[in-house]
There are 2 protein chains.
Amino acid sequence: MAERLHGQRPTLEDVARRAGVSKSTVSRVINGEPKVRAAVAERIRGAVAELGYVPNQAARKLVTRHNNAVAVVVTEPQNRLFVDPYFDCHLRGIRQELVRHGAQPVLLFIEEQDDYPRVCDFLGGGHVDGALLFSLLADDPLPDMVEQMGLPAVFGGRPLLGSGHRSDVYTYVDADNRGGAREAVRYLVSLGRRRIATITGPLDQAAAIDRLDGYRDVLPATPPRLLAQGDFTVRGGADAMALLLDQAPDLDAVFVASDLMASGALRTLRERGRTVPDDVAVVGFDDLTPIAEVTEPPLTTVHQDIEEMGRLMARMLCHRTSHPPLRGDDAPSLASVVTPTRLVIRDSA
Amino acid sequence: MAERLHGQRPTLEDVARRAGVSKSTVSRVINGEPKVRAAVAERIRGAVAELGYVPNQAARKLVTRHNNAVAVVVTEPQNRLFVDPYFDCHLRGIRQELVRHGAQPVLLFIEEQDDYPRVCDFLGGGHVDGALLFSLLADDPLPDMVEQMGLPAVFGGRPLLGSGHRSDVYTYVDADNRGGAREAVRYLVSLGRRRIATITGPLDQAAAIDRLDGYRDVLPATPPRLLAQGDFTVRGGADAMALLLDQAPDLDAVFVASDLMASGALRTLRERGRTVPDDVAVVGFDDLTPIAEVTEPPLTTVHQDIEEMGRLMARMLCHRTSHPPLRGDDAPSLASVVTPTRLVIRDSA
DNA sequence: TTGAAAGCGCTAACAG
DNA sequence: CTGTTAGCGCTTTCAA
C-alpha cells in the first residue's frame, strides 16, 4: 500500500494532494481538531492510511516546541543495572505514569566519560521534553548541564553536588535513607546487640552516604573496624562481610546498606559458620521482595516504595513539562520529595 | 553564564549575532568544517560557550534527514528483561559499536499492546535513523510496521512471521540455535544417555522453536512425556523439571533451552535427590558465564557469542543508515547472519 | 469550515 | 573564507 511518492516518506503535502484538500486541513484531522467536515475527515484518514503517513516529529517539534518523549537517564555500569531489580521497580512506576500522560519514555545509559557529551547533545537537541535522571555520582556533570540547558528534569535520589552547589535548586525524589538507616540500627540496638557493624554502599553516591549517616546518628563512636565499604552488589557485600569478620570477629550484628549486598553478606556468614540471627543479626535496605523473601533466612530490611517513587518522579516531570514555562520569575518549581521508609521484620534480625 | 536572550534557548542566530558573523559560519564551526579562519572559529566557540548553545536536532534533522540516534526496541516484560544477563551482553556489544559510529542508542520497551502505536509513532517520527529490534513474538506487528515506514532495521533473532511472510525480507542476526541444540543432544547421546528430555522456551519465540527443532533432529520420536515448556526463567525451568520428573521418573538427561532455566532445573533435581550428572545429565543453552560457571555443578552448555552478535547488528544497521537509500530497485540489503555456536563442557554433562 | 502564508532552527548550495 | 538564499515538514494565525 505504502506508495513512495517521491521516493521518500509521504508528507502532509502528499496526503493533502491525495485527499484534495490543503495541508492545514490534513493537519487538523491529524491533530484531532473538531472543526472539519466528517466526510472530508474521512477522506483524509483514508489517504493517510493508504500512504502509510506518519507525522514527522522533527518538523512538528520545531513549531510546537515539544514532542511527547521524555528521557530516563541512568548513570551506571550496565552490567550492574541489568542485574539489579531496583531499577526494574523504578522503571515500572515511571513507565506507567509517563504513558498515562501520553509520553514515550526513552532510556539512555551513561557508562563512560565519553558518553556525557553525546547524551547531553541528545537531551539538549530537543529530542525529549524532559528528563528523569538516576544514580548520579558525586560531581556528576549532568545536573549542571541539564540545568544550563533549561531542560526540565527530576532526579531520582538526591543529587550529590560539588562544593558551591545547593541541592535544593534541583527537584528530586528520594527515600528517607537516613531515617530508614536510623530505624534499622535502633532496632538492632533494641535487640541488645552491642557490636553493630555496617556495610556501606559506594560513598560517592548520596544513598550510600545518607544510610551511613543514619547509622552514625545512632552509633556516633563506631570504630573503623566495624565499617566496610561495598558496592551495592552481591559479591561486594560478601567480600565486605568477610573483611568485617576478619577485622571484628566479635561483631554481633550488621546493618547492610542494600538487600543485594545483604544477600552476599548472608552467604559469607553461612560459609564462616555463623548463624543468623543468633550469632549475627542482619538488616538490609530496599526491601526488594524477590531478594529479601528468598534469602536464608528471609531478610529483615528497610522498605521503600520504589515503584511509587518512580510514579512520583514521572508525575512531577509531566507537571513541569506540560505547562509552557512561566514568564517573569522562575516558575514555582515543585519541591523535592522525601518518601518515608519502614522497617520490615523477617527472620534475619 | 547561559543568558536567555529571548527567554528561549539560544539559536544559531543568537550565536551568530554574538560573534558578529553569519549563521552559516557558525553552522560550519559547529559541524567542524575546516574552511573557517581560526580566529573567527575561536570567537564563535566562545559565543557558543557563553550562551550555552546546543544545536536543535529537530531543526537539523529536518534538513539533513538523519540525527545520529538509533532505537533499540525490546518487546519483553520488563521484569524479565532486567533480570536476564542475556540482554546485558547484547546491549554491551550494541552500545560499543553504535557509539563507535557516533550514534546514540535509545532504548524503548514494549510491554503491552497499547505500547505499539506510541512506539511506532516514535520510530516513524524521525527521532531515530534506524532500529534494532529484539525478542519479537509470533505475529508481532513491529516488523511490518517498520518495513512499511521504510525505517532501516535489523532484528535480533529470526523474526517469527505470520503466514504469507518470508523472514528473508528482513535482516537479522541470530545464533545457530538449531545446530547448537543438535550438538548438545548428540553429545548427550554420545554419553550413552537413553531417555533425554528437553525443557523448551516459550514456543512463540523463534529461539525456542529452533532449539526444540534441533533436539528433534536428533531425537525425532520423542514421547510427549519427555517434553516440557518453560518460559526462559529460573522459576519456569524449575517447574518444568518437576513436571518432567513426574512424567518420566526414569529420564537420564535433559537438554534445557536456556541457562537460566537450567539453573532452575538443577535446583529441582537437587531437591528431588537426583545427582547431576550421574543420575541426570544436564545441558543448557546460552553460556551466560555469570550463571553457567556458578551453578552446582557448573553447567555444560551451548555457547553463543552474544556480545559479538550485538556488535554485528549495530554494524549492519549503521551500514544501512549511513548511505542514503539507493534509487531505483531496492538497495542490496545486507544478508542476515547466523552465527555459530559451540558446546562448552563443564560438569553437568 | 477551509486555505494561504509565515515561520520554527538549521544546513546546503551558490555567490561573492 | 564568508554571507545570502532557499527550503526541510509541520503548525498556526489570519482571511476568505
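Each chain gets a letter, A, B and so on, in the order the sequences are listed, and its residues count up from 1.
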Under 4.0 angstrom between [X] side-chain N/O and [N] OP1 or OP2:
X	N	answer
R60(B)	dC8(D)	no
R37(B)	dT2(D)	yes
R65(A)	dG9(C)	yes
S22(B)	dG3(D)	yes

- Message: Closest approach to the side chain of T11(A), judged atom by atom: which nucleotide of dG9(D), dG3(C), dC10(C) is it?
- Response: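 Among dG9(D), dG3(C), dC10(C), the one nearest the side chain of T11(A) is dG9(D).
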- Give the nucleotide from the list dG3(D), dG9(D), dT1(C) with an atom nearest to the side chain of T25(B).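 Nearest listed nucleotide: dG3(D).
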- May I ask you to test the D129(B)-P152(B) pair for a side-chain heavy-atom distance under 4.5 Å?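 Of all side-chain heavy-atom pairs linking P152(B) with D129(B), none is under 4.5 Å.
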- Item | I30(A) side chain near S27(A) side chain, heavy-atom distance below 4.5 Å | no
- the helix from dT1(C)-dA16(D) to dG16(C)-dC1(D): angle between end helix axes, five pairs per end, rounded to 10 degrees: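 Its terminal axes enclose an angle near 40°.
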Answer yes or no: is there a donor N or O on one side and an acceptor on the other, between the side chain of [X] and the main chain of [Y], under 3.5 Å?
X	Y	answer
N67(A)	Q57(A)	no
D14(B)	T11(B)	yes
N31(B)	E33(B)	no
R9(A)	G124(B)	yes

Polar-atom pairs under 3.5 Å, protein N or O versus N or O of nucleotides 12-16 of chain C: list them with distances, or write none.
from, atom 1, to, atom 2, distance (Å)
dA12(C), N6, S24(B), OG, 3.3

- Message: Can you confirm whether more than 12 heavy atoms, excluding those of E112(B), are under 6.0 Å from its CD atom?
- Response: yes
Nearest whole angstrom, please: distance from the [atom2] of [N] to the [atom1] of [X].
X	N	atom1	atom2	result
L12(B)	dC8(C)	CG	P	13 Å
I30(A)	dG9(D)	CD1	C1'	12 Å
Q57(A)	dC8(D)	CD	C1'	15 Å
H127(B)	dC10(D)	NE2	P	13 Å
H66(B)	dG9(D)	NE2	P	14 Å
D14(B)	dC8(C)	CG	C1'	13 Å
L62(B)	dC8(C)	CG	C1'	9 Å
N67(B)	dC10(C)	CG	P	15 Å

- Message: My understanding is that only residues two or more places apart in sequence, or in another chain, count here; which of them pass salt bridge (Lys or Arg N to Asp or Glu O under 4.0 Å) with R65(A)?
- Response: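 So R65(A) forms no salt bridge (Lys or Arg N to Asp or Glu O under 4.0 Å) with any residue.
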- Answer yes when R118(B) and D121(B) have at least one side-chain N-carboxylate O distance shorter than 4.0 Å, and no when they do not.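 Answer for the salt bridge query: no.
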- Note on the structure: Ranking A59(B) and V40(B) by the position along DNA chain D of their nearest nucleotide, the one closer to 5' is V40(B)
- Between H127(B) and H127(A), how do the two ring planes meet: parallel, tilted or perpendicular, split at 30° and 60°?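 If you compare the ring of H127(B) with that of H127(A), the planes turn out tilted.
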